[in-house]
Amino acid sequence: MLEFAEGQHTDRKTLFVEVILPLAIAINYTYRVPFEMNDEVAVGKRVVVQFGKSKMYTAIIARISEQAPEKYEAKYIMDILDAAPIVSLQQLQFWAWLADYYLCNTGEVMNAALPSALKLASETKIELNKEYEIDRNTLNDREYLIVDALEIQPELTVSDIAKLLGQKTVMPILKLMFEKNIILISEEVSDRYKPRMRTFITLNPVYRDPDQLKELFSILEKRAPKQADAVLAYIQLSRKQKAVSKNELTEASGAGSAIIKSLIEKEVFFAEEKNVSRLQSGDDELEANFELSEAQLVALGEIRQEFEGKDVVLLHGVTSSGKTQLFIRLIEEMVNSGRQVLYLLPEIALTTHIVERLRKYFGNAIGVYHSRFNDNERVEVWQKVLSGQYRVVLGARSSVFLPFSNLGLIVVDEEHETSYKQFDPAPRYNARDAAIYLGNMYKAKVLLGSATPSMESYYNAHNGKYGFVELTERFGGVEMPTTEVVSIAEETKKKTIQSHFTSVLMNDITTALANKEQVILFQNRRGYAPIIICKVCAYTPKCINCDVSLTYHKSSGKLHCHYCGYKEESPSVCPACGSTQLEYKGFGTEKVEDELKLLLPEARIARMDLDTTRSKNAFQNILNDLDEHRIDILAGTQMVAKGLDFAGVTVIGIISADSLLKYPDFRANERAFQMLSQVSGRAGRRGKQGKVVIQTYDPGHRVIKQVIENDYVDLYNTEMTERKSFKYPPFYRLIQLDIKHKDPEVLYHQAEYLAKELRKHFDDRVIGPEYPLVGRIRNYFIKSIMMKFEKDGISLPKVKATIKDVILQFNTTKLSKGSIIQPDVDPY
DNA sequence: AGCACGCCGACT
DNA sequence: GTCGGCGTGCTC
């Protein structure tokens with residue numbers, strides 16, 4: 001690789017750059033650098049290149065060379081977008097690793113990594129040719145439609161037209177119209193990042209003189225009293241804040257913008273356009289003083305000690321043991337030593353909560369980054385990390401892609417959370433694992449924190465690969481809650497159960513309400529009833545895309561698919577046989593809420609699940625309501641379990657643990673343990689021990705016992721042995737329309753199963769592939785793996801290599817619809 | 001990702 | 001016959 005010092009003259013050389021294109025393409029493409037740009041090219045800068053017939057893309061320079069490509073003529077780069085690289089060499093290394101590890105292309109990683117405002121791609125625009133007089137009689141139906149649409153909306157894209165005509169191939173039609181001069185086709189590139197501009201108002205300094213000001217008022221009051229009001233409003237505002245924006249002034253004075261405008265014309269006010277940040281900054285005073293408990297201090301010492309020998313440490317701390325405070329101390333140390341810190345969180349919802357806490361300690365040196373930020377905001381965070389203005393970044397999984405320069409510490413909070421894993425578009429990465437690689441690259445320490453660590457991290461800690469620190473005491477002397485397991489079967493027999501609520505749970509709820517305490521009920525299913533079945537013909541409505549049973553939602557009166565979001569009207573008679581005997585089986589949060597309202601009409605009951613938190617502030621509003629005790633009972637899905645402390649909640653009811661325990665995949669026990677202990681962990685507060693009621697048909701289940709005793713070690717040991725003999729049904733849960741799981745771990749697992757079938761001996765086993773199989777795998781995908789296995793034999797490295805081979809081949813090959821394997825066993 | 005080219009079934 | 005869907009290959 002060649003590097004050029006700034007300003008050095010390299011005119012005579014012809015340079016070529018290899019660039020990463022933001023596409024799913026296997027290799028980097030080479031472009032030629034025009035002489036006048038020789039001094040400006042540098043690895044990590046963005047360039048605009050033409051790729052294919054007419055498309056323009058933003059690409060990143062990955063390599064510079066003097067070697068002209070032999071087999072083809074390189075096109076010229078069209079433009080260099082950056083004065084300084086926006087991506088570092090380390091980031092490029094990280095991208096390459098990620099692409100290799102998760103079996104995808106660097107371009108796909110680039111796509112995930114860069115905020116889309118930094119990636120400008122051209123778009124094909126269709127317009128009417130104004131030079132041309134259209135004779136409508138010569139147009140055919142489709143041309144007529146297109147011309148009609150263009151008269152309403154002057155610019156359309158190719159996909160707009162495809163939608164308009166209801167067909168997929170439109171290019172030939174457009175080309176013909178272009179040749180007939182009816183339309184124009186052009187490529188348009190637009191820079192999408194726009195700084196936010198605000199107009200700020202200042203008072204003409206002349207009026208700092210009180211006499212002048214008095215005179216101004218006396219004139220204005222007579223001739224333009226509204227203008228006088230505006231000036232007055234300005235003076236009041238400017239006392240409170242440093243700068244007054246035009247918007248604030250119009251709002252405060254109640255004056256229209258015409259009034260402000262005339263004051264600006266009279267030069268009473270000066271207006272000035274300023275670039276303002278969209279990012280919220282904390283004005284809170286810094287208060288860095290809090291005392292760590294004895295147990296926390298011990299743990300902190302241990303973490304430091306472990307970090308001397310290990311790069312990754314797993315902190316296993318029970319719920320509300322004050323892990324966050326430990327993190328803050330460590331972050332503080334790191335920031336003081338001049339290095340950057342990345343604090344990863346699994347969900348955006350958690351950020352607001354913790355940002356508030358962290359802002360108190362780190363003020364404006366802390367940045368937040370997650371997918372709910374719009375593009376412009378993301379670019380601003382990117383730039384602030386790049387410039388080093390942000391010392392601490394708090395964010396969701398995508399923040400591993402930010403341009404850090406001297407990262408010293410990465411904290412991965414709630415390490416076990418599955419939302420660290422990206423599923424849908426490639427790269428299908430797990431941010432926790434990526435963070436470990438990132439840490440290694442930057443020589444930074446990585447701290448994984450969890451109350452219920454994942455099997456794989458625990459395994460690594462167990463084997464000495466990671467350091468391990470425990471925190472077994474709740475912070476502030478809050479006791480661990482007591483837990484009672486209630487048999488639903490028994491209460492049903494004794495007829496003491498009302499609806500889905502056992503007498504034990506009802507008692508605890510009513511007692512809590514009488515004491516003005518709050519209750520959380522957990523049911524891990526949303527909607528009203530997950531299955532509808534016809535009593536006559538046993539017909540069950542299923543999703544047309546996913547082949548899973550549709551859930552009845554009472555609030556919408558519709559049947560919803562929880563996999564893909566498909567909805568249809570709820571039938572009143574059986575669509576198959578016409579019978580009216582439709583049975584609603586099972587129950588979700590809607591039903592829990594509904595029935596409880598009947599049983600306890602006085603109580604204020606709310607529900608928290610995906611359906612009630614869809615709107616922007618709904619989640620926060622429910623939390624506030626709970627916080628300020630406008631809610632007595634909150635029924636919800638796992639959302640109620642996620643990392644939030646509710647001060648007034650003393651009773652937690654798990655309506656049915658069985659849906660967790662019977663969940664048919666091999667990570668079910670681990671997940672059930674996590675879920676149950678997380679929910680339980682919310683019970684209790686200072687001076688009042690919490691109570692957890694677990695309702696179940698299977699009170700003797702080992703996971704329930706492990707949860708009650710908080711015996712993680714036992715869970716780990718039993719899982720490690722039981723998983724080795726886990727039996728997979730043939731083509732276990734292979735539903736879904738694409739090869740989604742290109743994860744090495746998952747594939748490895750898949751291959752493992754297939755290999756077992758083929759050779760009947762294969763006993764080495766990875767613990768915990770990250771995810772259960774949820775894909776309907778294409779026929780010949782499996783066939784190719786099998787064929788290759790037959791050919792290559794079955795050693796471990798060979799299995800891995802084979803899979804990689806097959807997958808990379810499949811990445812660029814689309815498979816036909818006809819070759820879908822029907823699952824032999826479908827657990828739904 | 002887009003786009004061109006070529007094959008093949010389903011319509012005027 | 002021809003049109004449009006779909007598979008395949010290529011883009012520096």
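Lettering of chains follows the sequences in order, A, B, ..., and the numbering in each one begins at 1.
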> CE of A/M56 versus P of B/dG2: gap in Å, rounded?
Replying inline: 14 Å

> Under 4.0 angstrom, heavy atoms only, what part of the nucleic acid is A/Y31 near: base, sugar-phosphate, or nothing?
Replying inline: sugar-phosphate

>> Please classify the nucleic acid contact of A/S54 as base, sugar-phosphate, or nothing, using heavy-atom distances under 4.0 Å.
In response: nothing

> Rounding to a whole Å, what distance do you find between A/I77:CD1 and C/dT11:P?
Replying inline: 20 Å

> For A/K45, does its backbone N or O pair with a side-chain atom of A/D82 as donor and acceptor, under 3.5 Å?
Replying inline: no

>> Please report the distance, rounded to the nearest Å, between CD in A/Q167 and P in B/dA10.
In response: 18 Å

>> If I take atom NZ in residue A/K71 and atom C1' in nucleotide C/dT11, what distance separates them, rounded to the nearest angstrom?
In response: 16 Å

> Considering only heavy atoms from C-beta outward, does the side chain of A/I60 approach that of A/V19 to under 4.5 Å?
Replying inline: no

> CD1 of A/I20 versus C1' of C/dT11: gap in Å, rounded?
Replying inline: 17 Å

>> For A/F401 and A/Y429, I'd like to know if the aromatic rings sit close, meaning centre-to-centre distance below 6.0 Å.
In response: yes

> Checking A/Y31 side chain against A/V47 main chain: does a donor-acceptor pair fall under 3.5 Å?
Replying inline: no

>> As an exercise, state the distance from CD1 of A/I183 to CG of A/L150, rounded to the nearest 0.5 Å.
In response: 7.5 Å

> Within the pair A/K175 and B/dA4, is there a side-chain N or O less than 4.0 Å away from OP1 or OP2?
Replying inline: yes

>> Tell me the interatomic distance from A/M171, atom CE, to B/dG2, atom P, rounded to whole angstroms.
In response: 12 Å

> Over how many whole Å does the gap from A/E108 atom CD to B/dA1 atom P extend?
Replying inline: 7 Å

>> With a 4.0 Å cutoff (strictly under), does any side-chain N or O of A/S159 reach OP1 or OP2 of B/dG2?
In response: no

> Rounding to a whole Å, what distance do you find between A/K53:NZ and B/dG2:P?
Replying inline: 17 Å

> So does A/K168 get a side-chain nitrogen or oxygen closer than 4.0 Å to the phosphate oxygens (OP1/OP2) of C/dC6?
Replying inline: yes

> Is a donor-acceptor pair below 3.5 Å formed from side chain A/Y72 to base C/dC12, judging by atom type as modelled?
Replying inline: yes

